[in-house]
Number of protein chains: 2
Amino acid sequence: MPTVSSEELAAAAGVNSAKLRKDFSYLGSYGTRGVGYDVEYLVYQISRELGLTQDWPVVIVGIGNLGHALANYGGFASRGFRVAALLDADPNVVGSTAAGLPVRHMDELESIVESQHVSIGVITTPPGAAQQVCDRLVEAGVTSILNFAPTVLTVPDGVDVRKVDLSIELQILAFHEQRKAGEEPDRTESVLDRAPGPVRAAAAKLRRAAGGNGKGRGTAEAVAKDQAEQGKGKPAKGGDGDLSAVMPA
Amino acid sequence: MPTVSSEELAAAAGVNSAKLRKDFSYLGSYGTRGVGYDVEYLVYQISRELGLTQDWPVVIVGIGNLGHALANYGGFASRGFRVAALLDADPNVVGSTAAGLPVRHMDELESIVESQHVSIGVITTPPGAAQQVCDRLVEAGVTSILNFAPTVLTVPDGVDVRKVDLSIELQILAFHEQRKAGEEPDRTESVLDRAPGPVRAAAAKLRRAAGGNGKGRGTAEAVAKDQAEQGKGKPAKGGDGDLSAVMPA
DNA sequence: TAGATTGTTAATCGATTAACAATC
DNA sequence: TAGATTGTTAATCGATTAACAATC
(Lines give C-alpha, C1' and ligand atoms only; values in the text may rest on other atoms or scores of the structure.)
Protein backbone atom coordinates (compact mmCIF):
# COMPACT_ATOMS: atom_id res chain seq x y z
CA MET A 1 0.00 0.00 0.00
CA PRO A 2 1.47 3.35 -1.05
CA THR A 3 -0.20 5.46 1.65
CA VAL A 4 -1.62 4.84 5.09
CA SER A 5 -3.90 6.91 7.34
CA SER A 6 -3.23 7.69 10.98
CA GLU A 7 -6.41 5.74 11.74
CA GLU A 8 -5.11 2.59 10.07
CA LEU A 9 -1.67 2.86 11.63
CA ALA A 10 -3.14 3.53 15.05
CA ALA A 11 -5.41 0.50 14.81
CA ALA A 12 -2.46 -1.67 13.79
CA ALA A 13 -0.34 -0.36 16.64
CA GLY A 14 -3.12 -0.39 19.20
CA VAL A 15 -2.91 3.30 20.03
CA ASN A 16 -5.08 6.38 19.63
CA SER A 17 -4.89 8.02 16.21
CA ALA A 18 -4.65 11.54 17.66
CA LYS A 19 -1.66 10.47 19.70
CA LEU A 20 -0.04 8.92 16.66
CA ARG A 21 -0.53 12.10 14.62
CA LYS A 22 0.79 14.23 17.45
CA ASP A 23 3.85 12.02 17.81
CA PHE A 24 4.52 12.15 14.08
CA SER A 25 4.18 15.93 14.14
CA TYR A 26 7.29 16.13 16.33
CA LEU A 27 9.28 14.78 13.39
CA GLY A 28 7.73 17.25 10.95
CA SER A 29 4.71 17.41 8.68
CA TYR A 30 5.13 14.29 6.64
CA GLY A 31 1.46 13.61 5.98
CA THR A 32 -0.95 14.93 3.39
CA ARG A 33 -4.42 16.09 4.47
CA GLY A 34 -7.17 14.09 2.86
CA VAL A 35 -4.66 11.44 1.78
CA GLY A 36 -2.59 10.13 4.67
CA TYR A 37 1.11 9.32 4.95
CA ASP A 38 3.27 8.09 2.07
CA VAL A 39 4.52 4.81 3.52
CA GLU A 40 7.96 4.72 1.94
CA TYR A 41 8.66 8.35 2.75
CA LEU A 42 7.41 8.01 6.32
CA VAL A 43 9.51 4.90 6.96
CA TYR A 44 12.54 6.72 5.65
CA GLN A 45 11.96 9.81 7.78
CA ILE A 46 11.43 7.81 10.95
CA SER A 47 14.47 5.65 10.22
CA ARG A 48 16.58 8.72 9.66
CA GLU A 49 15.41 10.36 12.87
CA LEU A 50 16.21 7.21 14.83
CA GLY A 51 19.68 6.97 13.34
CA LEU A 52 18.95 3.75 11.44
CA THR A 53 20.15 5.20 8.15
CA GLN A 54 23.65 5.71 9.45
CA ASP A 55 26.49 3.26 9.57
CA TRP A 56 27.61 2.62 13.16
CA PRO A 57 30.90 0.83 13.66
CA VAL A 58 31.05 -0.95 17.02
CA VAL A 59 33.68 -2.92 18.88
CA ILE A 60 32.78 -5.90 21.04
CA VAL A 61 35.14 -6.49 23.95
CA GLY A 62 35.14 -9.90 25.62
CA ILE A 63 34.56 -12.76 23.22
CA GLY A 64 33.04 -15.40 25.46
CA ASN A 65 29.71 -17.02 24.73
CA LEU A 66 27.80 -13.77 24.87
CA GLY A 67 30.34 -11.88 22.75
CA HIS A 68 30.12 -14.69 20.22
CA ALA A 69 26.35 -14.60 20.26
CA LEU A 70 26.28 -10.86 19.69
CA ALA A 71 28.87 -11.01 16.89
CA ASN A 72 26.61 -13.50 15.14
CA TYR A 73 23.41 -11.61 15.82
CA GLY A 74 21.73 -10.87 12.51
CA GLY A 75 19.76 -7.95 13.85
CA PHE A 76 22.85 -5.77 14.13
CA ALA A 77 23.79 -5.55 10.46
CA SER A 78 20.22 -4.93 9.36
CA ARG A 79 20.02 -1.92 11.66
CA GLY A 80 23.19 -0.27 10.49
CA PHE A 81 25.58 -1.66 13.07
CA ARG A 82 28.87 -2.95 11.72
CA VAL A 83 31.28 -4.92 13.87
CA ALA A 84 34.56 -3.04 13.47
CA ALA A 85 36.44 -5.49 15.67
CA LEU A 86 36.20 -8.27 18.23
CA LEU A 87 38.64 -7.89 21.12
CA ASP A 88 39.74 -10.16 23.94
CA ALA A 89 42.54 -10.24 26.49
CA ASP A 90 42.97 -14.02 26.51
CA PRO A 91 45.83 -15.19 24.22
CA ASN A 92 43.98 -18.47 23.73
CA VAL A 93 41.02 -16.65 22.25
CA VAL A 94 42.95 -14.05 20.24
CA GLY A 95 43.45 -15.31 16.70
CA SER A 96 40.33 -17.46 16.62
CA THR A 97 37.41 -16.35 14.50
CA ALA A 98 33.85 -15.50 15.45
CA ALA A 99 31.16 -14.65 12.94
CA GLY A 100 33.86 -14.67 10.28
CA LEU A 101 35.94 -12.03 12.02
CA PRO A 102 39.30 -12.55 13.71
CA VAL A 103 39.45 -11.95 17.45
CA ARG A 104 42.13 -9.33 18.08
CA HIS A 105 44.07 -8.48 21.18
CA MET A 106 43.03 -5.73 23.58
CA ASP A 107 46.27 -3.94 22.77
CA GLU A 108 44.76 -2.96 19.44
CA LEU A 109 41.75 -1.31 21.07
CA GLU A 110 42.99 2.26 20.84
CA SER A 111 44.23 2.08 17.25
CA ILE A 112 41.02 0.43 16.04
CA VAL A 113 38.73 2.90 17.77
CA GLU A 114 40.68 5.82 16.39
CA SER A 115 41.23 4.60 12.84
CA GLN A 116 37.68 3.36 12.34
CA HIS A 117 35.99 6.21 14.21
CA VAL A 118 34.21 3.85 16.58
CA SER A 119 31.90 5.71 18.92
CA ILE A 120 30.02 2.73 20.38
CA GLY A 121 31.54 -0.07 22.45
CA VAL A 122 29.92 -3.28 23.68
CA ILE A 123 31.30 -4.85 26.86
CA THR A 124 30.80 -8.61 27.31
CA THR A 125 33.72 -9.26 29.63
CA PRO A 126 33.61 -10.88 33.07
CA PRO A 127 32.44 -8.42 35.73
CA GLY A 128 35.92 -7.80 37.11
CA ALA A 129 37.30 -6.52 33.82
CA ALA A 130 34.39 -4.32 32.81
CA GLN A 131 35.38 -1.00 34.42
CA GLN A 132 38.94 -1.23 33.17
CA VAL A 133 37.77 -1.98 29.62
CA CYS A 134 35.27 0.85 29.90
CA ASP A 135 37.99 3.29 30.91
CA ARG A 136 40.13 2.33 27.93
CA LEU A 137 37.21 2.63 25.52
CA VAL A 138 36.34 6.08 26.82
CA GLU A 139 39.97 7.19 26.79
CA ALA A 140 40.23 6.06 23.16
CA GLY A 141 37.21 8.15 22.19
CA VAL A 142 34.14 5.93 22.58
CA THR A 143 31.16 7.95 23.83
CA SER A 144 28.45 5.26 24.09
CA ILE A 145 28.78 1.97 25.94
CA LEU A 146 26.48 -1.02 26.04
CA ASN A 147 27.33 -3.02 29.15
CA PHE A 148 26.32 -6.68 29.48
CA ALA A 149 28.61 -7.29 32.45
CA PRO A 150 26.89 -7.29 35.84
CA THR A 151 28.94 -4.27 36.93
CA VAL A 152 27.88 -0.68 37.44
CA LEU A 153 30.22 1.42 35.33
CA THR A 154 31.49 4.88 36.16
CA VAL A 155 32.03 7.18 33.19
CA PRO A 156 32.76 10.88 32.71
CA ASP A 157 30.08 13.36 31.61
CA GLY A 158 29.20 13.13 27.97
CA VAL A 159 29.47 9.34 27.84
CA ASP A 160 26.27 7.29 27.70
CA VAL A 161 26.09 3.88 29.33
CA ARG A 162 23.26 1.39 29.01
CA LYS A 163 23.27 -1.75 31.10
CA VAL A 164 21.56 -4.91 29.95
CA ASP A 165 20.49 -7.34 32.66
CA LEU A 166 19.47 -10.57 30.97
CA SER A 167 17.49 -11.69 33.98
CA ILE A 168 15.18 -8.67 34.23
CA GLU A 169 12.76 -10.01 31.64
CA LEU A 170 12.77 -13.35 33.39
CA GLN A 171 11.89 -11.60 36.63
CA ILE A 172 8.95 -9.87 34.96
CA LEU A 173 7.67 -13.22 33.72
CA ALA A 174 8.09 -14.72 37.18
CA PHE A 175 6.14 -11.83 38.68
CA HIS A 176 3.18 -12.49 36.40
CA GLU A 177 3.57 -16.23 36.81
CA GLN A 178 3.27 -15.81 40.57
CA ARG A 179 0.07 -13.85 40.11
CA LYS A 180 -1.38 -16.45 37.76
CA ALA A 181 -0.78 -19.09 40.42
CA GLY A 182 -2.00 -16.85 43.21
CA GLU A 183 -5.70 -16.53 42.59
CA GLU A 184 -7.61 -17.99 39.72
CA PRO A 185 -10.95 -16.38 40.70
CA ASP A 186 -11.00 -12.62 40.11
CA ARG A 187 -8.21 -11.93 37.65
CA THR A 188 -8.92 -8.46 36.33
CA GLU A 189 -7.04 -6.18 38.71
CA SER A 190 -3.37 -6.25 39.63
CA VAL A 191 -2.01 -7.29 43.00
CA LEU A 192 -0.74 -3.76 43.20
CA ASP A 193 -4.18 -2.29 42.58
CA ARG A 194 -6.12 -3.86 45.36
CA ALA A 195 -5.63 -2.88 48.98
CA PRO A 196 -3.91 -5.85 50.57
CA GLY A 197 -6.06 -5.68 53.66
CA PRO A 198 -5.27 -9.04 55.29
CA VAL A 199 -1.55 -8.78 54.61
CA ARG A 200 -1.52 -5.26 55.97
CA ALA A 201 -3.36 -6.23 59.11
CA ALA A 202 -1.09 -9.22 59.69
CA ALA A 203 2.03 -7.14 59.15
CA ALA A 204 0.88 -4.45 61.56
CA LYS A 205 0.11 -7.06 64.17
CA LEU A 206 3.47 -8.71 63.69
CA ARG A 207 5.37 -5.49 63.97
CA ARG A 208 3.55 -4.71 67.19
CA ALA A 209 4.24 -8.22 68.49
CA ALA A 210 7.90 -7.85 67.55
CA GLY A 211 8.23 -4.97 69.99
CA GLY A 212 7.58 -2.05 67.70
CA ASN A 213 10.95 -0.54 68.55
CA GLY A 214 11.95 -0.63 64.89
CA LYS A 215 15.53 -1.27 65.93
CA GLY A 216 15.82 -4.16 63.55
CA ARG A 217 15.83 -7.10 65.91
CA GLY A 218 12.96 -9.47 65.95
CA THR A 219 12.45 -8.99 62.24
CA ALA A 220 13.56 -12.44 61.18
CA GLU A 221 11.05 -13.85 63.63
CA ALA A 222 8.38 -11.54 62.31
CA VAL A 223 9.09 -12.71 58.79
CA ALA A 224 8.93 -16.35 59.74
CA LYS A 225 5.68 -15.73 61.58
CA ASP A 226 4.34 -13.71 58.69
CA GLN A 227 5.07 -16.54 56.30
CA ALA A 228 3.35 -18.99 58.57
CA GLU A 229 0.26 -16.79 58.94
CA GLN A 230 -0.23 -16.12 55.28
CA GLY A 231 0.41 -19.76 54.52
CA LYS A 232 -2.88 -20.38 52.81
CA GLY A 233 -3.29 -17.03 51.05
CA LYS A 234 -0.03 -17.11 49.18
CA PRO A 235 1.88 -20.35 49.60
CA ALA A 236 5.49 -19.13 49.67
CA LYS A 237 6.95 -22.29 48.18
CA GLY A 238 10.44 -22.98 49.41
CA GLY A 239 10.25 -20.24 52.01
CA ASP A 240 11.87 -21.36 55.23
CA GLY A 241 12.28 -18.09 57.07
CA ASP A 242 15.94 -17.77 56.15
CA LEU A 243 16.15 -14.40 54.45
CA SER A 244 19.72 -14.61 53.20
CA ALA A 245 18.95 -17.70 51.14
CA VAL A 246 16.23 -15.90 49.32
CA MET A 247 17.44 -12.36 48.75
CA PRO A 248 18.98 -11.11 45.52
CA ALA A 249 22.76 -11.05 45.68
CA MET B 1 21.35 0.72 58.99
CA PRO B 2 18.32 -0.96 60.55
CA THR B 3 15.72 1.55 59.32
CA VAL B 4 15.45 4.01 56.48
CA SER B 5 13.09 6.93 55.83
CA SER B 6 11.16 7.52 52.63
CA GLU B 7 13.14 10.75 52.29
CA GLU B 8 16.49 8.92 52.36
CA LEU B 9 15.34 6.19 50.01
CA ALA B 10 13.82 8.71 47.61
CA ALA B 11 17.04 10.74 47.54
CA ALA B 12 19.04 7.59 46.83
CA ALA B 13 16.69 6.56 44.05
CA GLY B 14 16.29 10.03 42.61
CA VAL B 15 12.52 10.15 43.01
CA ASN B 16 9.99 12.10 45.04
CA SER B 17 9.45 10.82 48.57
CA ALA B 18 5.67 11.13 48.36
CA LYS B 19 5.68 8.95 45.25
CA LEU B 20 7.87 6.41 46.98
CA ARG B 21 5.56 6.26 49.99
CA LYS B 22 2.53 5.95 47.75
CA ASP B 23 4.12 3.15 45.75
CA PHE B 24 5.06 1.29 48.93
CA SER B 25 1.52 1.69 50.22
CA TYR B 26 0.27 -0.52 47.37
CA LEU B 27 2.20 -3.38 48.94
CA GLY B 28 0.80 -2.72 52.40
CA SER B 29 1.71 -0.58 55.39
CA TYR B 30 5.22 -1.71 56.09
CA GLY B 31 6.53 1.53 57.58
CA THR B 32 6.35 2.97 61.08
CA ARG B 33 5.35 6.61 61.56
CA GLY B 34 8.07 8.64 63.19
CA VAL B 35 10.61 5.88 62.52
CA GLY B 36 10.69 4.86 58.86
CA TYR B 37 10.93 1.45 57.23
CA ASP B 38 12.71 -1.55 58.73
CA VAL B 39 15.21 -2.30 55.99
CA GLU B 40 15.34 -6.06 56.31
CA TYR B 41 11.59 -6.41 56.56
CA LEU B 42 10.99 -4.04 53.63
CA VAL B 43 13.47 -5.85 51.40
CA TYR B 44 11.80 -9.11 52.21
CA GLN B 45 8.30 -7.82 51.51
CA ILE B 46 9.30 -6.29 48.18
CA SER B 47 11.20 -9.43 47.19
CA ARG B 48 8.22 -11.56 48.04
CA GLU B 49 5.82 -9.37 46.07
CA LEU B 50 8.13 -9.53 43.05
CA GLY B 51 8.40 -13.29 43.25
CA LEU B 52 12.11 -13.28 44.12
CA THR B 53 11.59 -15.48 47.16
CA GLN B 54 10.29 -18.34 45.10
CA ASP B 55 12.24 -21.00 43.28
CA TRP B 56 11.60 -20.89 39.53
CA PRO B 57 12.73 -23.86 37.48
CA VAL B 58 13.35 -22.90 33.84
CA VAL B 59 14.31 -24.79 30.71
CA ILE B 60 16.58 -23.27 28.07
CA VAL B 61 15.95 -24.53 24.56
CA GLY B 62 18.65 -24.04 21.92
CA ILE B 63 22.16 -24.32 23.30
CA GLY B 64 24.15 -22.18 20.89
CA ASN B 65 26.31 -19.30 22.04
CA LEU B 66 23.43 -17.41 23.58
CA GLY B 67 21.99 -20.47 25.31
CA HIS B 68 25.45 -21.15 26.71
CA ALA B 69 25.81 -17.57 27.87
CA LEU B 70 22.46 -17.66 29.64
CA ALA B 71 23.15 -21.02 31.27
CA ASN B 72 26.32 -19.51 32.72
CA TYR B 73 24.72 -16.25 33.73
CA GLY B 74 25.26 -15.76 37.43
CA GLY B 75 22.33 -13.41 37.82
CA PHE B 76 19.81 -16.22 37.34
CA ALA B 77 20.60 -18.29 40.39
CA SER B 78 20.79 -15.30 42.68
CA ARG B 79 17.26 -14.29 41.69
CA GLY B 80 15.68 -17.64 42.31
CA PHE B 81 15.91 -19.07 38.81
CA ARG B 82 17.15 -22.63 38.57
CA VAL B 83 18.05 -24.22 35.25
CA ALA B 84 16.01 -27.42 35.23
CA ALA B 85 17.40 -28.50 31.86
CA LEU B 86 19.27 -27.46 28.73
CA LEU B 87 17.71 -28.79 25.54
CA ASP B 88 18.85 -28.94 21.93
CA ALA B 89 17.79 -30.71 18.77
CA ASP B 90 21.31 -31.16 17.36
CA PRO B 91 22.76 -34.64 18.14
CA ASN B 92 26.24 -33.10 18.06
CA VAL B 93 25.34 -30.78 20.91
CA VAL B 94 23.27 -33.23 22.94
CA GLY B 95 25.46 -34.89 25.52
CA SER B 96 27.91 -32.01 25.85
CA THR B 97 27.88 -29.95 29.00
CA ALA B 98 27.23 -26.26 29.54
CA ALA B 99 27.53 -24.55 32.89
CA GLY B 100 28.04 -27.98 34.42
CA LEU B 101 24.75 -29.33 33.11
CA PRO B 102 24.31 -31.95 30.39
CA VAL B 103 22.57 -30.84 27.21
CA ARG B 104 19.59 -33.10 26.69
CA HIS B 105 17.58 -33.91 23.60
CA MET B 106 14.39 -32.11 22.69
CA ASP B 107 12.55 -35.39 23.02
CA GLU B 108 12.85 -35.06 26.78
CA LEU B 109 11.14 -31.65 26.82
CA GLU B 110 7.68 -32.86 27.83
CA SER B 111 8.81 -35.20 30.57
CA ILE B 112 11.15 -32.60 32.09
CA VAL B 113 8.55 -29.83 32.08
CA GLU B 114 6.00 -32.10 33.69
CA SER B 115 8.18 -33.81 36.26
CA GLN B 116 9.94 -30.64 37.38
CA HIS B 117 6.87 -28.39 37.19
CA VAL B 118 8.58 -25.97 34.84
CA SER B 119 6.38 -22.97 34.09
CA ILE B 120 8.98 -20.76 32.38
CA GLY B 121 10.81 -21.55 29.13
CA VAL B 122 13.65 -19.65 27.48
CA ILE B 123 13.98 -19.92 23.69
CA THR B 124 17.43 -19.35 22.20
CA THR B 125 16.97 -21.34 19.01
CA PRO B 126 17.46 -20.12 15.43
CA PRO B 127 14.46 -18.10 14.24
CA GLY B 128 13.03 -20.93 12.14
CA ALA B 129 12.66 -23.29 15.08
CA ALA B 130 11.26 -20.86 17.62
CA GLN B 131 7.51 -21.21 16.97
CA GLN B 132 7.67 -24.98 16.91
CA VAL B 133 9.61 -25.07 20.18
CA CYS B 134 7.17 -22.58 21.66
CA ASP B 135 4.22 -24.79 20.71
CA ARG B 136 5.79 -27.80 22.40
CA LEU B 137 6.61 -25.84 25.55
CA VAL B 138 3.05 -24.56 25.79
CA GLU B 139 1.59 -27.96 25.08
CA ALA B 140 3.72 -29.42 27.86
CA GLY B 141 2.42 -26.88 30.35
CA VAL B 142 4.78 -23.87 30.21
CA THR B 143 2.85 -20.62 30.68
CA SER B 144 5.64 -18.01 30.41
CA ILE B 145 8.13 -17.77 27.56
CA LEU B 146 11.20 -15.60 27.19
CA ASN B 147 12.03 -15.40 23.50
CA PHE B 148 15.50 -14.39 22.30
CA ALA B 149 14.88 -15.57 18.73
CA PRO B 150 14.02 -12.80 16.24
CA THR B 151 10.61 -14.34 15.65
CA VAL B 152 7.19 -13.12 16.72
CA LEU B 153 5.57 -16.00 18.56
CA THR B 154 1.89 -16.89 18.58
CA VAL B 155 0.58 -18.34 21.82
CA PRO B 156 -2.86 -19.14 23.26
CA ASP B 157 -4.53 -16.95 25.87
CA GLY B 158 -3.07 -17.31 29.34
CA VAL B 159 0.50 -17.69 28.11
CA ASP B 160 2.87 -14.74 28.53
CA VAL B 161 5.62 -14.08 26.02
CA ARG B 162 8.40 -11.54 26.35
CA LYS B 163 10.72 -10.91 23.44
CA VAL B 164 14.27 -9.72 23.94
CA ASP B 165 15.85 -7.84 21.04
CA LEU B 166 19.54 -7.48 21.79
CA SER B 167 19.92 -4.63 19.33
CA ILE B 168 17.29 -2.34 20.84
CA GLU B 169 19.64 -0.93 23.45
CA LEU B 170 22.25 -0.41 20.77
CA GLN B 171 19.70 1.52 18.73
CA ILE B 172 18.95 3.76 21.70
CA LEU B 173 22.65 4.51 22.10
CA ALA B 174 22.94 5.24 18.39
CA PHE B 175 19.99 7.61 18.60
CA HIS B 176 21.67 9.64 21.33
CA GLU B 177 25.03 9.36 19.60
CA GLN B 178 23.51 10.88 16.49
CA ARG B 179 22.16 13.75 18.53
CA LYS B 180 25.52 14.34 20.21
CA ALA B 181 27.13 14.62 16.80
CA GLY B 182 24.29 16.71 15.42
CA GLU B 183 24.63 20.01 17.20
CA GLU B 184 27.13 20.81 19.89
CA PRO B 185 25.72 24.30 20.62
CA ASP B 186 22.34 24.20 22.35
CA ARG B 187 22.05 20.77 23.91
CA THR B 188 19.21 21.08 26.42
CA GLU B 189 16.13 20.16 24.40
CA SER B 190 15.49 17.01 22.42
CA VAL B 191 15.33 16.82 18.65
CA LEU B 192 11.78 15.71 19.22
CA ASP B 193 10.95 18.78 21.26
CA ARG B 194 11.78 21.51 18.82
CA ALA B 195 9.67 22.25 15.79
CA PRO B 196 11.74 21.09 12.83
CA GLY B 197 10.85 24.11 10.71
CA PRO B 198 13.37 23.79 7.88
CA VAL B 199 12.90 20.05 7.48
CA ARG B 200 9.16 20.51 7.46
CA ALA B 201 9.29 23.23 4.83
CA ALA B 202 11.64 21.21 2.64
CA ALA B 203 9.50 18.11 2.94
CA ALA B 204 6.34 19.99 2.01
CA LYS B 205 8.06 21.48 -1.02
CA LEU B 206 9.37 18.10 -2.08
CA ARG B 207 6.03 16.43 -1.79
CA ARG B 208 4.50 19.14 -3.90
CA ALA B 209 7.30 18.81 -6.45
CA ALA B 210 6.81 15.03 -6.49
CA GLY B 211 3.27 15.52 -7.79
CA GLY B 212 1.32 15.45 -4.55
CA ASN B 213 -0.78 12.58 -5.84
CA GLY B 214 0.39 10.41 -2.97
CA LYS B 215 0.37 7.40 -5.25
CA GLY B 216 3.83 6.42 -4.12
CA ARG B 217 5.86 7.14 -7.20
CA GLY B 218 8.47 9.83 -7.21
CA THR B 219 9.20 9.17 -3.56
CA ALA B 220 12.64 7.70 -4.04
CA GLU B 221 13.55 10.80 -5.99
CA ALA B 222 12.05 12.99 -3.30
CA VAL B 223 14.12 11.25 -0.67
CA ALA B 224 17.31 11.61 -2.70
CA LYS B 225 16.54 15.27 -3.23
CA ASP B 226 15.66 15.70 0.43
CA GLN B 227 19.00 14.22 1.44
CA ALA B 228 20.80 16.51 -0.94
CA GLU B 229 18.97 19.59 0.32
CA GLN B 230 19.54 18.93 3.98
CA GLY B 231 23.12 18.04 3.28
CA LYS B 232 24.64 20.63 5.54
CA GLY B 233 22.09 20.51 8.36
CA LYS B 234 22.44 16.84 9.11
CA PRO B 235 25.18 15.16 7.14
CA ALA B 236 23.61 11.76 6.44
CA LYS B 237 26.88 9.84 6.40
CA GLY B 238 26.76 6.92 4.04
CA GLY B 239 23.43 8.00 2.62
CA ASP B 240 23.38 7.54 -1.13
CA GLY B 241 19.70 7.83 -1.88
CA ASP B 242 19.21 4.08 -2.07
CA LEU B 243 16.47 3.38 0.42
CA SER B 244 16.62 -0.40 0.41
CA ALA B 245 20.25 -0.36 1.48
CA VAL B 246 19.39 1.67 4.48
CA MET B 247 16.07 0.38 5.79
CA PRO B 248 15.71 -2.09 8.61
CA ALA B 249 15.15 -5.62 7.36
C1' DT C 1 -17.07 20.87 -5.10
C1' DA C 2 -17.56 17.05 -1.52
C1' DG C 3 -15.14 13.81 1.13
C1' DA C 4 -11.19 12.60 3.64
C1' DT C 5 -7.61 13.24 6.66
C1' DT C 6 -4.00 15.93 8.70
C1' DG C 7 -1.99 19.02 12.35
C1' DT C 8 -3.22 21.35 16.40
C1' DT C 9 -6.14 23.33 19.98
C1' DA C 10 -8.83 22.68 23.98
C1' DA C 11 -10.86 19.39 27.17
C1' DT C 12 -10.18 15.39 29.75
C1' DC C 13 -7.92 12.13 32.18
C1' DG C 14 -4.43 10.17 35.09
C1' DA C 15 -0.08 10.58 37.47
C1' DT C 16 2.83 13.20 40.44
C1' DT C 17 3.55 15.86 44.33
C1' DA C 18 2.63 19.12 48.22
C1' DA C 19 0.51 19.20 52.37
C1' DC C 20 -1.11 17.40 56.56
C1' DA C 21 -3.65 14.54 59.94
C1' DA C 22 -2.45 10.32 62.18
C1' DT C 23 0.66 8.26 65.14
C1' DC C 24 5.02 6.25 66.55
C1' DT D 1 5.42 15.62 75.54
C1' DA D 2 7.98 17.17 71.22
C1' DG D 3 9.92 15.67 67.04
C1' DA D 4 9.80 12.72 63.22
C1' DT D 5 7.80 10.33 59.63
C1' DT D 6 4.18 7.64 57.62
C1' DG D 7 -0.08 6.99 54.73
C1' DT D 8 -3.38 9.54 52.26
C1' DT D 9 -6.00 13.52 50.62
C1' DA D 10 -6.25 17.37 47.66
C1' DA D 11 -3.86 20.30 44.34
C1' DT D 12 -0.96 20.43 40.52
C1' DC D 13 1.08 19.07 36.59
C1' DG D 14 1.62 16.70 32.26
C1' DA D 15 -0.05 13.39 28.92
C1' DT D 16 -3.81 11.67 26.25
C1' DT D 17 -7.60 12.33 23.44
C1' DA D 18 -11.80 14.51 21.33
C1' DA D 19 -12.87 17.87 18.29
C1' DC D 20 -12.27 20.74 14.44
C1' DA D 21 -10.28 24.21 11.25
C1' DA D 22 -7.09 23.77 7.51
C1' DT D 23 -6.42 21.80 3.25
C1' DC D 24 -5.48 18.12 0.01
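Not measured: the values here are computed from a predicted model. Just so we're on the same page: letters track the sequence lines, and every chain starts at 1. Note: hydrogens, waters and symmetry copies are ignored here, and every other heavy atom, side chains too, is used.
- For B:Ile168, the side-chain contact (heavy atoms from CB on, under 4.5 Å) partners are B:Asp165, B:Ile172, not counting sequence neighbours.
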How does protein contact run along nucleotides 14-20 of chain C, one letter per nucleotide 5' to 3', with B for base contact, S for sugar-phosphate only, - for none, heavy atoms under 4.0 Å? --SBBB-

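- Rounded to an integer number of Å, the gap from A:Leu27 CG to C:dG7 P is 11 Å.
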Nucleotide-level pairing of DNA chain D, given in dot-bracket where Watson-Crick and G-U pairs need both distances under 3.5 Å and | marks other strands: ..||||||||||||||||||||||

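- Using a 4.5 Å heavy-atom threshold, the side chains of A:Val59 and A:Val122 count as separate.
- Summarising the geometry, the separation between CZ on B:Arg33 and P on C:dC24 is reported as 7 Å, rounded to the nearest angstrom.
- Between A:Val142 and A:Ile120 there is no side-chain heavy-atom pair separated by less than 4.5 Å.
- Counting heavy atoms from C-beta outward, A:Asp38 and A:Glu40 have side chains that approach closer than 4.5 Å.
- Between A:Glu7 atom CD and C:dG7 atom C1' there is a gap of 15 Å when expressed in whole angstrom units.
- Atom-to-atom, CG of A:Leu20 to P of C:dT6 comes out at 9 Å; the value is rounded to the nearest Å.
- The closest side-chain heavy-atom distance from A:Gln54 to A:Trp56 is below 4.5 Å.
- Atom OH in A:Tyr30 sits about 11 Å away from atom P in C:dG7, given to the nearest Å.
- Residues B:Glu49 and B:Tyr26 have side chains not in contact (no heavy-atom distance under 4.5 Å, counting atoms from C-beta outward).
- Under 3.5 Å, the side chains of A:Tyr41 and A:Gln45 contain a donor-acceptor pair of N or O atoms.
- Here the side chains of A:Leu153 and A:Lys163 are not in contact, with every heavy-atom distance at 4.5 Å or above.
- Distances shorter than 4.0 Å separate none of the side-chain N or O atoms of B:Thr32 from OP1 or OP2 on C:dC24.
- Contact of the A:Thr53 side chain with the A:Tyr44 side chain is registered, since non-hydrogen atoms from C-beta on lie closer than 4.5 Å.
- When each of C:dT6, C:dG7, D:dG7 is scored by its nearest atom to the side-chain atoms of A:Ser6, the top-ranked nucleotide is C:dT6.
- At least one side-chain nitrogen or oxygen of B:Tyr37 sits closer than 4.0 Å to the OP1 or OP2 atom of D:dG7.
- One finds no side-chain N or O of B:Ser5 lying less than 4.0 angstrom from the OP1 or OP2 phosphate oxygen of D:dT5.
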